[in-house]
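Sequential numbering from 1 along the given sequence is applied to the chain's residues. When a ligand or atom number is given, it counts from 1 through the structure's own listing order. If you're wondering where the values come from, they're calculated on a predicted model, not measured in any experiment.
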Amino acid sequence: MTTQLTHPTRSVDKVEANILASIRKSGPLSRAELGDLLGYSRANVTAVLNHLLALNILEERELGESQGGRRPRMYGINGSLGYVVGVDMGATSLDLALADLNGNILERVSEPCDVREEPEILLNRVAELIEEMLGARNGRSEQLLAIGIGVPGPVKFDEGVLVAPPLMPAWESFPIKTFMRQQFTAANVAIDNDVNVMAMGETCAGAGKGIDNFIFLKIGTGIGAGIICHGEIYRGQDGAAGDVGHICIDYNGPVCHCGNVGCLEAMAAGPAIAARGLEAVQSGSSDMLAEALAANEGIMTAKIVGDAAKAGDLAANEIVKSSGRMVGGMLAGLVNFFNPQMILIGGSVSHIGIRYLSAIRQAVLRRSTALSTRHLRIEFSPLGKDAGVIGAIWLALDHVFTIEN
Ligand SMILES: [Zn+2]
């Protein structure tokens, strides 16, 4: 943890940080509940709560169940202490939300972008959009306490820099935190990989709530996994954990953009599905795909293949099922290795239909050990395209308070 002090009232010690983390995770808690949860003495909890109340970080609420005519006092985060912003940066879209300190979304804005642009250009636009959202709430930039940013590339998390990002090479080692803090001096800034941020969104506000071990698999232009282990995001030694799109599934497969052959991503992600759709047109095996291709100005997409499969086209259906089987085969390896309770499938390709999910499920069940699938659920991500921006808000909330060592 960093010891950088950003604001006198936002630097907390470890006991205070543990109490704040418990309240953030569970919602408002009573003195006794906090003592039981954390194993601190009643006197210790009381002293810490009084200090956090004096700093205006916590507030008292009357929410508890009546116990013998008395309601216990409950302690919750003072949501109006300031603002946080979540930024979900996709390859072609920016999605931002302004939230209070309880994670309630107050403002939201989306627009197209191109991450191949220079970082200064895109981050200046992000800063403008943040100012607009603050302005809509009559907020000031010094009230912005944290910014969480999800980016489509590998991130060295503690430094907040991208390392060899294939989609956005100009961002290599760019100091995003320093750049954003020049404009928003009171804000702590955290940057993470987009899939980790989506997994965090599900764990804090979606289907992952209360689930200790699960995998979020994003399937779009690329394929990547966010791993929640013991309730926390697992980033690995250097932040590279979850890059499962480059697991080899066929040693005689096509060359991937990473330079290896037969990567799952090269064979089953959106572009591979579109390429196989185009092959089906060229071989004359699908009139439906040929018509859809002509109607879309000659551009084949994974969505077109999915729509044709839903409409009953046999060739399209086989492409969808084949992609699902390949994804499921890889996931079976993860299931045997990690024994998750749940796998959530998200990203643009997940919208190609329920047959896709069925094919994934069948392949996982066929190829995983019986014990590892006993409690396993495989579902589409319920937050869908909102998982990223919600996760980015929770990433920001994790960084509102600076913890003293
Ligand atoms: Zn690869």
Chemist: Which residue pairs pass the side-chain hydrogen bond (donor to acceptor under 3.5 Å, both in side chains) test when at least one of the two sits in residues 297-315, sequence neighbours left out?
Modeler: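 Matches after skipping sequence neighbours: Ser286-Asp313, Lys303-Asp307.
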Chemist: Keeping to residues at least two apart or across chains, list the ring-ring contact (aromatic ring centres under 6.0 Å, His included) pairs with something in residues 255-278.
Modeler: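 Applying ring-ring contact (aromatic ring centres under 6.0 Å, His included) to every pair that reaches into residues 255-278, excluding sequence neighbours, yields His246-His257.
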Chemist: What residue pairs, at least two apart or across chains, pass salt bridge (charged side-chain N to carboxylate O under 4.0 Å, His left out) with a residue in residues 347-376?
Modeler: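 Pairs touching residues 347-376 that pass the test: Arg361-Glu379.
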Chemist: Distance check, rounded to the nearest 0.5 Å: Ile77 atom CD1 versus Leu397 atom CG?
Modeler: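 Going from CD1 on Ile77 over to CG on Leu397, the span is 8.5 Å.
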Chemist: What's the separation between atom CG in Asn196 and atom CD1 in Ile191, rounded to the nearest 0.5 Å?
Modeler: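 If I round to the nearest 0.5 Å, the distance is 13.0 Å.
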Chemist: What count do you get for protein N/O/S atoms less than 2.8 Å from the Zn ion (ligand 1)?
Modeler: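 Excluding waters, the total comes to 4.
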Chemist: What's the shortest heavy-atom distance between Leu376 and Ser372, and which atoms?
Modeler: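 Distance-wise, the nearest heavy atoms are CB-O, 4.1 Å.
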